[in-house]
Amino acid sequence: MIRKVKGTRDILPPETTLWNDVERTALRIFGGFGYSEIRLPLLEPTELFVRTVGEGTDIVSKEMYTFADRKGRSLTLRPEGTASVARAFIENGLGQRPQPLRLSYFGPMFRYEKAQRGRYRQFSQIGIELLGAATPAADVEVIVALHTFLAELGFDDLIIALNNLGDPEDRERFIAGLKTELTPHRDELCGDCQRRWEENPLRILDCKVQRCRELVAETTPVADVVSEDAARHVAAVEAGLQEASIPVRRAPRLVRGLDYYLRTVFEVISPELGEDTVICGGGRYDRLISDLGGAAVPGVGFAIGEDRLVDVLPQSFKDRALEQRIVAVLPVGGAAAAQATSLARDLVLSGVTAHTEVTGRSLKACLKWATKMAASVAVILGESERADGVALIRDLDRGEQETVALGDVVARVAELLQARR
RNA sequence: GUGGGCGUAGCUCAGCUGGUAGAGCACAGGAUUGUGGCUCCUGUGGUCGAGGGUUCGAACCCCUUCGCUCACCCCA
């Protein structure tokens, strides 16, 4: 048996309905804020991610699906979306469009990690990017849009955590200070943190080991070390969010895994999945486009993990999304088959979902099948009805049945399904 | 990459100290001629993850391997 590649998954109906609804809602809400969808390649030159995400990050150093194409060029299956948006911005001269530019995207990303719940090698993200605005108001808008989207899905228990990473210069200073403060206790840090000391000192901040947490708690938070400008910026973002009634929690130890973030960084975590499993991560990246050789265009955005989001979707949303109003079209006897299909077409065009019985089974089996298909109404096209130019319409929930002229079937079915809501 | 758990029908699982496999659900058909949802009957469906070994004989024991899963690392 051929099996799916590790870390990928088959998303089957009816779960696909959830995904469709989530994506539709994203397009509606983000689109409503002025973000238009951009569709980008899944395949990019490896260098794009090395230069933007950062050579030292886990993503680039060990998690990328990288391979050589037939001409020896190094290509990579995108591990995230923002780098591609930046590349496309430069390549397509999007700086010539009215600024700022608001873009949204969704689709699969790839990271070579060991899979577990909520973490797959192929996973989907939904993101937006606001390019060409450096103001706190831009950050506020992005987070308000995020919150609006999540609220629209029915979430009311999600936590938005916010931190200030300062500018790159601040960060270097901060790391130096952090190390100085921790040096006396360096040997008390856990094994992972010993490693992080050299490789990724910022990560020491969000270590889960109790002793590390205690030690880190004694150190000066990043936000206290950043420049005046950066501090003012994030303070303004916070104030703006407060004014918009967005519940935000300051997270002095919040760190992100991509090098390009600066100043505002934020995450959304779900109590259900636990604090370690981030549903959404984002922040500001004012140097990303210029680092790629473009103009000095600031940006801010986020990416939502769609797999994780769907995993914890509120029941209310699922119920609504999975609610269906279906009519089953049941021809009895082979002669009615074609008639059934064209009746189904009329029903479909009238906006309802019509499942047509095409295996030629008995009426009894047809009705059983209709029930299993979750149909609320069945249209029965039998021999005698054919002769009279009528059809039987059966209300499957109530068990009531009526005879209707063929020409009135669509209207009557619509009525019955309407009453069902 | 590190560590733990698990691999028997589509799904959830049973299978006692080794004697060549079962249930429930699901799926299909039927219970007097054209009427479902309950019930009942019948049927389809498994090289017991794979390979090797021990044995007269292995789903059960041993070795190897692959896969799945959970946690860590990290991240969405």
Side-chain angles (χ1 to χ4, degrees), chain A residues 1-10 12 53 56-64 78-82 106-127 190-196 199-200 202-204 206-209 254-258 266-270 273-282 301-312 328 330-333 336 357 359 361-386 392-401:
Chain A
M1 181 171 63
I2 297 176
R3 278 191 288 207
K4 62 183 171 293
V5 171
K6 186 199 283 281
T8 64
R9 51 201 201 125
D10 301 322
L12 311 172
V53 176
T57 61
D58 278 39
I59 293 179
V60 170
S61 66
K62 55 185 195 192
E63 294 175 0
M64 294 208 298
R78 63 178 187 189
E80 62 109 29
T82 305
F106 64 88
M109 308 292 165
F110 303 83
R111 290 183 200 170
Y112 195 95
E113 298 180 273
K114 197 143 179 179
Q116 64 184 64
R117 181 180 180 194
R119 210 181 58 199
Y120 308 99
R121 289 184 172 180
Q122 177 179 332
F123 59 100
S124 281
Q125 291 189 331
I126 301 173
C190 72
D192 279 324
C193 284
Q194 299 294 344
R195 181 177 51 73
R196 290 173 180 132
E199 292 174 9
N200 197 352
L202 277 183
R203 281 275 151 219
I204 296 174
D206 61 356
C207 183
K208 291 172 201 81
V209 176
L254 171 61
V255 166
R256 309 256 47 248
L258 294 84
F266 55 93
E267 289 182 348
V268 176
I269 54 186
S270 152
L273 283 175
E275 299 235 348
D276 303 334
T277 305
V278 176
I279 286 207
C280 171
F302 61 74
I304 297 166
E306 193 172 359
D307 305 74
R308 292 176 180 180
L309 188 71
V310 170
D311 192 16
V312 298
L330 311 176
V332 180
E357 213 302 312
T359 67
R361 46 188 141 199
S362 69
L363 176 59
K364 176 189 240 173
C366 277
L367 285 161
K368 270 189 178 175
W369 174 78
T371 303
K372 281 186 277 205
M373 290 299 103
S376 321
V377 173
V379 178
I380 301 166
L381 300 168
E383 299 292 333
S384 56
E385 287 77 23
R386 258 174 82 74
L392 293 176
I393 295 183
R394 183 171 181 82
D395 184 322
L396 291 171
D397 296 334
R398 296 181 193 165
E400 293 164 4
Q401 188 163 299

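In the text below, chain A, chain B and the rest are named by the order of the sequence lines, each starting its count at 1. Just so you know, these numbers come straight off a predicted model, no measurement behind them.
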Polar side-chain atom of A:Arg121 near backbone of A:Arg111 as donor-acceptor pair, under 3.5 Å: no
Main-chain N/O of A:Ala378 paired with A:Arg394 side-chain donor or acceptor, under 3.5 Å: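 Judged by distance alone, no pair lies under 3.5 Å.
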Nearest-angstrom distance from the residue atom [atom1] of [X] to [atom2] of [N]:
{"X": "A:Arg121", "N": "B:C74", "atom1": "CZ", "atom2": "P", "answer": "18 Å"}
{"X": "A:Lys372", "N": "B:G29", "atom1": "NZ", "atom2": "P", "answer": "7 Å"}
{"X": "A:Glu113", "N": "B:C70", "atom1": "CD", "atom2": "C1'", "answer": "15 Å"}

Verify the contact: side-chain N or O of [X] to OP1 or OP2 of [N], cut-off strictly under 4.0 Å; return yes or no.
{"X": "A:Gln116", "N": "B:U69", "value": "no"}
{"X": "A:Arg196", "N": "B:C74", "value": "yes"}
{"X": "A:Lys114", "N": "B:C72", "value": "no"}
{"X": "A:Arg111", "N": "B:C74", "value": "no"}
{"X": "A:Ser384", "N": "B:G34", "value": "no"}
{"X": "A:Arg361", "N": "B:A28", "value": "yes"}

If we take the [atom1] atom in both [N] and [M], what is their distance in whole Å?
{"N": "B:G37", "M": "B:A26", "atom1": "P", "result": "12 Å"}
{"N": "B:G10", "M": "B:G46", "atom1": "C1'", "result": "11 Å"}
{"N": "B:U47", "M": "B:A59", "atom1": "P", "result": "14 Å"}
{"N": "B:A31", "M": "B:G22", "atom1": "C1'", "result": "26 Å"}
{"N": "B:C56", "M": "B:G18", "atom1": "P", "result": "15 Å"}
{"N": "B:C70", "M": "B:C13", "atom1": "P", "result": "14 Å"}
{"N": "B:G7", "M": "B:A14", "atom1": "P", "result": "8 Å"}
{"N": "B:C60", "M": "B:G53", "atom1": "P", "result": "14 Å"}

Counting Watson-Crick and G-U wobble pairs only, both distances under 3.5 Å, name the nucleotide matched with [N], or none.
{"N": "B:C74", "value": "none"}
{"N": "B:C60", "value": "none"}
{"N": "B:A23", "value": "B:U12"}
{"N": "B:G37", "value": "none"}
{"N": "B:C6", "value": "B:G67"}

Donor/acceptor link under 3.5 angstrom from A:Glu385 side chain onto base of B:G34: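 By the distance-only test, yes, there is a pair.
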Let's see if you can work this out: which of [options] has an atom nearest to the side-chain heavy atoms of [X]?
{"X": "A:Arg3", "options": "B:G67, B:G36, B:C74", "result": "B:G67"}
{"X": "A:Asp192", "options": "B:G67, B:C74, B:C72", "result": "B:C72"}
{"X": "A:Lys6", "options": "B:C72, B:U35, B:C68", "result": "B:C68"}

Toward the 5' end of RNA chain B, by each residue's nearest nucleotide, A:Lys208 or A:Phe123: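 The residue closer to the strand's 5' end, by nearest nucleotide, is A:Lys208.
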